[in-house]
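This is a predicted model, so every value here is computed, not measured. Note on naming: letters A, B, ... go to the chains in the order of the sequence lines (proteins, then strands), and numbering restarts at 1 for each one.
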There are 2 protein chains.
Amino acid sequence: MASSIHDLARHLNISIGTVSRALNGRADVNAETRQRVLDAARTLNYSPNQSGRSLRQGATRSIAFMLQPHPGDQQYGEPFFIPFLTGLQARLAESGLDLIVVMGAPGDYQQERLRRVVETRRADAVVLAWTRRDDERIDYLTERGFPFATLGRSRSGGKSYPSLDLDFEKAGSDAVDRLVSRGHRRIAAIRPSLDLNFGHLFMTGYRKALRRHGIEVDPGLIAEGFINEAGGYQVMPRVMLSKDRPTAVIFNNDAMALGGCKALAEMGIRPGHDIAVIVIVDTPLCRYFSPALTGFRPALEPMGQRLAEMLLASLPAYAGPEGTRIMREVWPLELVARESD
Amino acid sequence: MASSIHDLARHLNISIGTVSRALNGRADVNAETRQRVLDAARTLNYSPNQSGRSLRQGATRSIAFMLQPHPGDQQYGEPFFIPFLTGLQARLAESGLDLIVVMGAPGDYQQERLRRVVETRRADAVVLAWTRRDDERIDYLTERGFPFATLGRSRSGGKSYPSLDLDFEKAGSDAVDRLVSRGHRRIAAIRPSLDLNFGHLFMTGYRKALRRHGIEVDPGLIAEGFINEAGGYQVMPRVMLSKDRPTAVIFNNDAMALGGCKALAEMGIRPGHDIAVIVIVDTPLCRYFSPALTGFRPALEPMGQRLAEMLLASLPAYAGPEGTRIMREVWPLELVARESD
DNA sequence: TGTTCTACCGTAAACGTTTACGAGAACACA
DNA sequence: TGTGTTCTCGTAAACGTTTACGGTAGAACA
């Protein structure tokens, strides 16, 4: 069924070595011979067997992205990831690499899945997302010397891997600044586990900004929930029952905001009217919500492209000129003012 | 760095053949020898090289899911897919198979990407989603004899592949029935391209039900948009400008409903109050929207598991007992009544 | 004519597995 | 003693590539 390099060689009456060289564009093959090989490859519908190729070369020409399940969140924060993956894949494809997305079983934090990819050498490098403050995956990969890059920062590991992150701290701070400048002083924060690094960063910015404005941080105005609609919904009432109600609330992301707004609505509190709402990570959902939610929009697709570039530059096999290795970048989160604050 | 089967053999002073047999649980190896091999594998941190294995066996032990980009929709309808993929991956993992998700470049309808996967034999089978009425991918795969399964039906290809679909026709019909029973007679439909088979099915049910109730289908109440927030938003006003306004609207899915409701809000029309709203494919978003949207909830994760099972049963290499091959299933879409209708 | 160089190509090994085949040893049985 | 059986293991080929190495033919040059 599938034609191999041997079939081509037999068909053309030349050796497999020559066929391979012709296909791979090596110099030491006659121009006419090369053309004949290329033609034959086309007519015989030849395409190289990836297993054979990667066995010989020791490289799979593919990059794995670990799709991270999160306890309590069946949805993986995917409106966030898909545009990122689009950019990632586009840039990788330019260099002839495939992107494979590896799904983990929910709840195991990918350790098992990651091991599998690494140990069976299914990919030449991996891309991690939703980095945690102390991320065992990073430790594991650095220890094994397996190439990787991360979307998000972490305290773990050396500094010898490419990472790209958003400036959640500044966004948290900017959100507070904006609300304070509009007269708010009781500002709630609905956040995920602080274990997730972006949650930690968001809250750092939030706290710093409050202190800067001479506002005491009130633990009663801070609540932790899963990063999805249910999380925001469950947690919002607790904050609103604070003896001194907040007049504004910052949500970590759109899904939590949606759930939170639902809870508010059920309490008869109108977002954007009775309470100001800002979300840190904006997605299309925010724009079409009523009221449209003010948020910080990440440039996800360019980020995907960029991280791919950084990763590629860090791989010896695909690296460009030496010294072009970029290690860490933090991208701004741009405020999109809408109706909710 | 990576230890091979040869390292094990050398370390234990036995042949690689024996090592391989011990590892693969074959019968013709002494119990004690097997134990020694297993121990050595553990201490030397051995795990089999996937490339070598699949080269030899002609099977990659992995299934590819083609993540379908849709023109105008950067988001791939992913809240829909992720739970499905979770189920798919869980069932595949049970049989020791990996799930790899292949991203296509947006806009190319995956033909290029699919070819790549098939021709380089990166996976043993593929799973297609968002099947079109006439789906060239299905034609391509059947023609090449490459195993696959589909989430969704199609007119294309033979009937010799496993497929699992939701009963969109019944849901469309049920939605109309429900609305009519509540006194509505002018019922709008916001749908995607009819080329997408689920859009076609939805509309078939919609039309049939209307006719059954003696209601004429008004083309002015039907509008086509991209399957995302922007699509619903752009298209909704046109329908509302119909000379005889609809009193109810059925959206294909949550994202379109969100956009549509935004447009309604801007026109001063309150969903669930001034106009009834039902969505065909329900996701968590519907539940937490205000008003909570009535919709039809698919059992996505079980569907993923089921389709994996069907696919596995159809593969000679992994098949269970003969005759257990299930070919096509259509699952019900269960109505979840909420506030919007 | 003899030597050297270049262009092109064939040979064969190697990557890490699995597996068909056969061999040796131990044992049973006649 | 001869034959057959069973258990265990080693040998070597094969999967489809890539690539180091060497060889041949012709051209160039003295």
Side-chain angles (χ1 to χ4, degrees), chain A residues 1-38 40-41 44-62 96 98 116 118-124 317, chain B residues 1-38 40-41 44-62 96 98 116 118-124 317:
Chain A
M1 167 103 283
S3 63
S4 80
I5 217 172
H6 290 90
D7 299 327
L8 287 191
R10 208 176 311 121
H11 182 252
L12 293 171
N13 224 19
I14 59 179
S15 79
I16 61 164
T18 304
V19 174
S20 176
R21 279 188 297 263
L23 256 23
N24 291 359
R26 296 221 174 278
D28 56 348
V29 46
N30 185 290
E32 187 212 1
T33 312
R34 158 166 302 123
Q35 196 52 51
R36 287 177 54 221
V37 171
L38 260 31
L44 291 194
N45 203 359
Y46 167 82
S47 61
N49 179 304
Q50 186 57 39
S51 301
R53 183 188 274 236
S54 60
L55 174 58
R56 169 63 216 234
Q57 297 191 323
T60 62
R61 296 202 71 81
S62 66
D98 284 337
R116 212 181 147 86
V118 168
E119 291 176 356
T120 62
R121 292 157 213 95
R122 246 183 204 289
D124 297 341
Chain B
M1 167 102 282
S3 61
S4 80
I5 215 171
H6 291 91
D7 300 327
L8 286 191
R10 208 174 312 122
H11 182 251
L12 293 171
N13 224 19
I14 59 180
S15 79
I16 60 164
T18 304
V19 174
S20 177
R21 279 189 296 264
L23 255 22
N24 291 1
R26 297 221 173 278
D28 55 348
V29 45
N30 184 290
E32 188 212 0
T33 311
R34 158 167 302 123
Q35 197 51 53
R36 285 177 55 223
V37 171
L38 259 31
L44 292 193
N45 203 0
Y46 168 81
S47 61
N49 180 303
Q50 187 56 39
S51 301
R53 182 187 275 236
S54 59
L55 174 58
R56 168 62 216 233
Q57 298 191 322
T60 61
R61 296 202 72 82
S62 66
D98 283 337
R116 212 182 147 86
V118 169
E119 292 177 356
T120 62
R121 292 156 212 95
R122 245 183 204 289
D124 297 342

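- Comparing B:Thr33 and B:Arg56 against DNA chain D, the residue whose closest nucleotide sits nearer the 5' end is B:Thr33.
- Formation of a donor-acceptor pair under 3.5 Å by the A:Gln50 side chain with backbone atoms of A:Thr60 is found in this model.
- Mapped onto DNA chain D by nearest heavy atom, A:Asp28 and A:Ile5 fall at different nucleotides, with A:Ile5 at the one closer to the 5' end.
- A salt bridge is defined here as a Lys NZ or Arg NE, NH1 or NH2 lying under 4.0 Å from an Asp or Glu carboxylate O, and A:Arg116 with B:Asp98 meets this definition.
- Under the 4.5 Å side-chain criterion, counting only non-hydrogen atoms from C-beta, B:Arg122 is in contact with A:Ser62.
- Side chain of B:Asp124 to main chain of B:Ala59: no donor-acceptor pair is present (N/O by atom type, distance under 3.5 Å, no hydrogens or angles).
- The stretch residues 13-25 of chain A touches DNA chain D through A:Ile16, A:Gly17, A:Ser20, A:Arg21, A:Asn24, each having a heavy atom within less than 4.0 Å of the strand.
- The minimum heavy-atom distance between A:Arg121 and B:Ser47, with the atom names listed, is NH1-O, 3.8 Å.
- Results of the side-chain contact (heavy atoms from CB on, under 4.5 Å) test with A:Arg34 over A:Leu38, A:Val37, A:Asn30 single out A:Leu38 as the only residue that passes.
- Rounded to the nearest 0.5 angstrom, A:Thr120 OG1 and B:Asn49 CG are separated by 8.0 Å.
- The span of DNA chain C lying next to chain A, judged by atoms under 4.0 Å from heavy atoms, is bounded 5' to 3' by C:dC8 to C:dG16.
- Looking only at side-chain heavy atoms (C-beta outward), A:Tyr46 and A:Asp7 stay at 4.5 Å or farther from each other.
- A distance of 5.5 Å separates OG in A:Ser3 from CG in A:Leu8, rounded to the nearest 0.5 Å.
- For the 3.5 Å distance criterion, the side chains of A:Ser51 and B:Ser54 qualify, holding a donor opposite an acceptor.
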For residues 11-26 of chain B, run the donor-acceptor check on the side chains, cut-off 3.5 Å, and write out each pair with its distance to 0.1 Å, sequence neighbours left out.
residue, atom, partner, partner atom, Å
B:Ser15, OG, B:Gly17, N, 3.4
B:Ser15, OG, B:Thr18, N, 3.3
B:Ser15, OG, B:Thr18, OG1, 3.2
B:Thr18, OG1, B:Arg21, NH2, 3.4

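- Taking CG of A:Leu44 as the start and CZ of A:Arg10 as the end, the distance is 10.5 Å to the nearest 0.5 Å.
- Note on the helix from C:dT1-D:dA30 to C:dA30-D:dT1: angle between the axes of the first and last five pairs equals 60°, rounded to 10 degrees.
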All N/O pairs under 3.5 Å across the protein-nucleotides 24-28 of chain D interface:
none

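- B:Gln57 is linked by a side chain to side chain contact (heavy atoms under 4.5 Å, CB included) to B:Arg53, counting only residues two or more places apart in sequence or in another chain.
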